[in-house]
Amino acid sequence: MIVQRVEPAGASRETLYLLGLCLLILALAAAVVLAQQTSTTETQLASYQLDARRDLSAAEQGIYTDLLVALEEVHYLQDETGALATPAELAEESYPPFATDISSVQRGGHSWELAQLDDGAVYLGVSQQTDIAGHFLLLTDANSPLSDTVWLNASPASGLPHDLQQSTLIAAGWKQLVREFDRGVTRHTSH
């Protein structure tokens with residue numbers, strides 16, 4: 001007589017293999033995540049600069065974004081006509097922030113003008129409510145090293161500077177707006 005022993009049906013061995021495979025997959029996934037992780041180095045802004053994402057109010061962020069979008073249209077119209085578009089022409093085409101609508105009123109009611117100075121052209125947005133949003137300068141002259149930069153002045157008595165040199169703007173209280181993408185979106189108003 002031959003006796004053959006039959007093990008009872010169980011899945012303990014298969015379960016161990018499956019758990020081992022799951023642990024291997026998790027270890028590989030963790031290794032990939034750690035390998036792709038980048039260090040977050042924080043860049044230090046100059047004392048005359050503001051980070052457009054964290055140092056501006058919501059109204060100022062909206063105007064800044066609108067100015068960057070309108071700047072593309074300004075360059076397009078300048079290439080087409082040979083001259084910078086006036087704020088009235090941009091408002092007629094309904095380009096924010098030049099257009100007068102409910103959002104422009106809620107963002108400080110800026111009145112816009114185009115000024116040609118010896119060292120460049122500038123769009124000046126004078127705020128009617130500096131507690132909501134400050135005054136804006138959009139420098140557009142291609143010959144200027146400050147070309148296509150946006151500056152903000154939260155001072156109620158701010159006006160057009162006599163020249164567009166960086167030192168003059170800084171001395172008059174203007175802050176250059178820059179975009180830093182290495183920080184969160186949490187706002188810390190400091191101007």
Side-chain angles (χ1 to χ4, degrees), residues 40-79 82-91 95-98 104 107-191:
T40 55
T41 57
E42 189 172 320
T43 58
Q44 195 72 350
L45 296 178
S47 62
Y48 64 88
Q49 293 178 325
L50 295 174
D51 186 334
R53 288 183 48 197
R54 64 178 174 89
D55 294 333
L56 301 182
S57 68
E60 291 167 339
Q61 284 181 351
I63 293 169
Y64 176 69
T65 302
D66 289 344
L67 282 172
L68 294 180
V69 172
L71 183 61
E72 294 177 19
E73 186 63 26
V74 166
H75 287 307
Y76 173 76
L77 291 172
Q78 185 178 17
D79 289 343
L84 286 171
T86 66
E89 292 169 336
L90 294 168
Y95 289 113
F98 302 102
S104 70
R107 291 179 175 174
H110 289 74
S111 57
W112 292 93
E113 64 180 88
L114 174 63
Q116 297 282 349
L117 301 176
D118 291 339
D119 51 353
V122 62
Y123 288 94
L124 173 65
V126 177
S127 178
Q128 306 305 315
Q129 301 170 335
T130 54
D131 57 326
I132 295 174
H135 310 294
F136 281 85
L137 278 179
L138 171 62
L139 285 69
T140 61
D141 187 15
N143 299 326
S144 170
L146 300 176
S147 178
D148 296 346
T149 59
V150 179
W151 294 71
L152 173 74
N153 194 334
S155 168
S158 180
L160 186 64
H162 60 278
D163 68 53
L164 301 178
Q165 300 301 315
Q166 185 173 0
S167 58
T168 305
L169 292 172
I170 294 168
W174 291 92
K175 302 278 187 176
Q176 183 181 21
L177 302 181
V178 295
R179 292 169 283 180
E180 293 292 323
F181 294 106
D182 59 350
R183 299 196 66 156
V185 184
T186 304
R187 293 183 186 111
H188 306 282
T189 305
S190 62
H191 62 269

side-chain contact (heavy atoms from CB on, under 4.5 Å) with [X]: which residues, sequence neighbours excluded?
X      : value
Ile170 : Tyr48, Trp151, Gln166
Val69  : none
Thr86  : Ala88, Glu89
Ala172 : Trp174

Partners passing side-chain hydrogen bond (donor to acceptor under 3.5 Å, both in side chains) against [X] (at least two apart in sequence or in another chain):
X      : result
Thr65  : none
Glu72  : none
Gln129 : none

If you compare all heavy atoms of [X] against all heavy atoms of [Y], which two are closest, and at what distance to 0.1 Å?
X      : Y      : answer
Ala70  : Pro96  : CB-O, 3.8 Å
Thr130 : Ala154 : CB-O, 4.0 Å
Ala52  : Arg179 : CB-CG, 4.3 Å
Ala85  : Leu114 : O-CD2, 3.8 Å

| field | Electrostatic pair Asp55-Lys175, nearest N-O below 4.0 angstrom | value | no
| query | ring pair (Phe, Tyr, Trp, His ring centres under 6.0 Å) with Phe98: which residues, sequence neighbours excluded? | reply |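 Partners of Phe98 by the ring pair (Phe, Tyr, Trp, His ring centres under 6.0 Å) criterion, ordered by chain and then number, come out as Trp112, Tyr123.
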Beyond-backbone contact of [X] with [Y], side-chain heavy atoms, under 4.5 angstrom:
X      : Y      : answer
His110 : Ser104 : no
Thr168 : Leu164 : no
Leu67  : Pro97  : yes
Leu50  : Leu45  : no
Arg107 : Asp66  : yes
Leu77  : Leu90  : yes

Judged by atom type as modelled, is there a donor-acceptor pair below 3.5 Å linking the side chain of [X] to the main-chain atoms of [Y]?
X      : Y      : answer
His135 : Val126 : no
Gln61  : Arg53  : yes
Glu60  : Gly134 : yes

| message | Distance check, rounded to the nearest 0.5 Å: Gln116 atom CD versus Leu84 atom CG? | response | 6.0 Å
| Interatomic spacing from CD1 in Ile63 to CG in Leu138 - rounded to 0.5 Å |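 If we round to the nearest 0.5 Å, Ile63:CD1 and Leu138:CG are 12.5 Å apart.
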| query | Do Tyr64 and Leu152 pass the side-chain contact (heavy atoms from CB on, under 4.5 Å) test, and can you show the C-alpha distance, the side-chain angles, and the key distance before you say yes or no? | reply | CA-CA 9 Å; Tyr64 176 69; Leu152 173 74; over 6 Å; no
| said: Quick one, Leu71 with Thr140, criterion side-chain contact (heavy atoms from CB on, under 4.5 Å). Give me CA distance, side-chain angles, the key distance, then yes/no. | reply: CA-CA 8 Å; Leu71 183 61; Thr140 61; 3.7 Å; yes
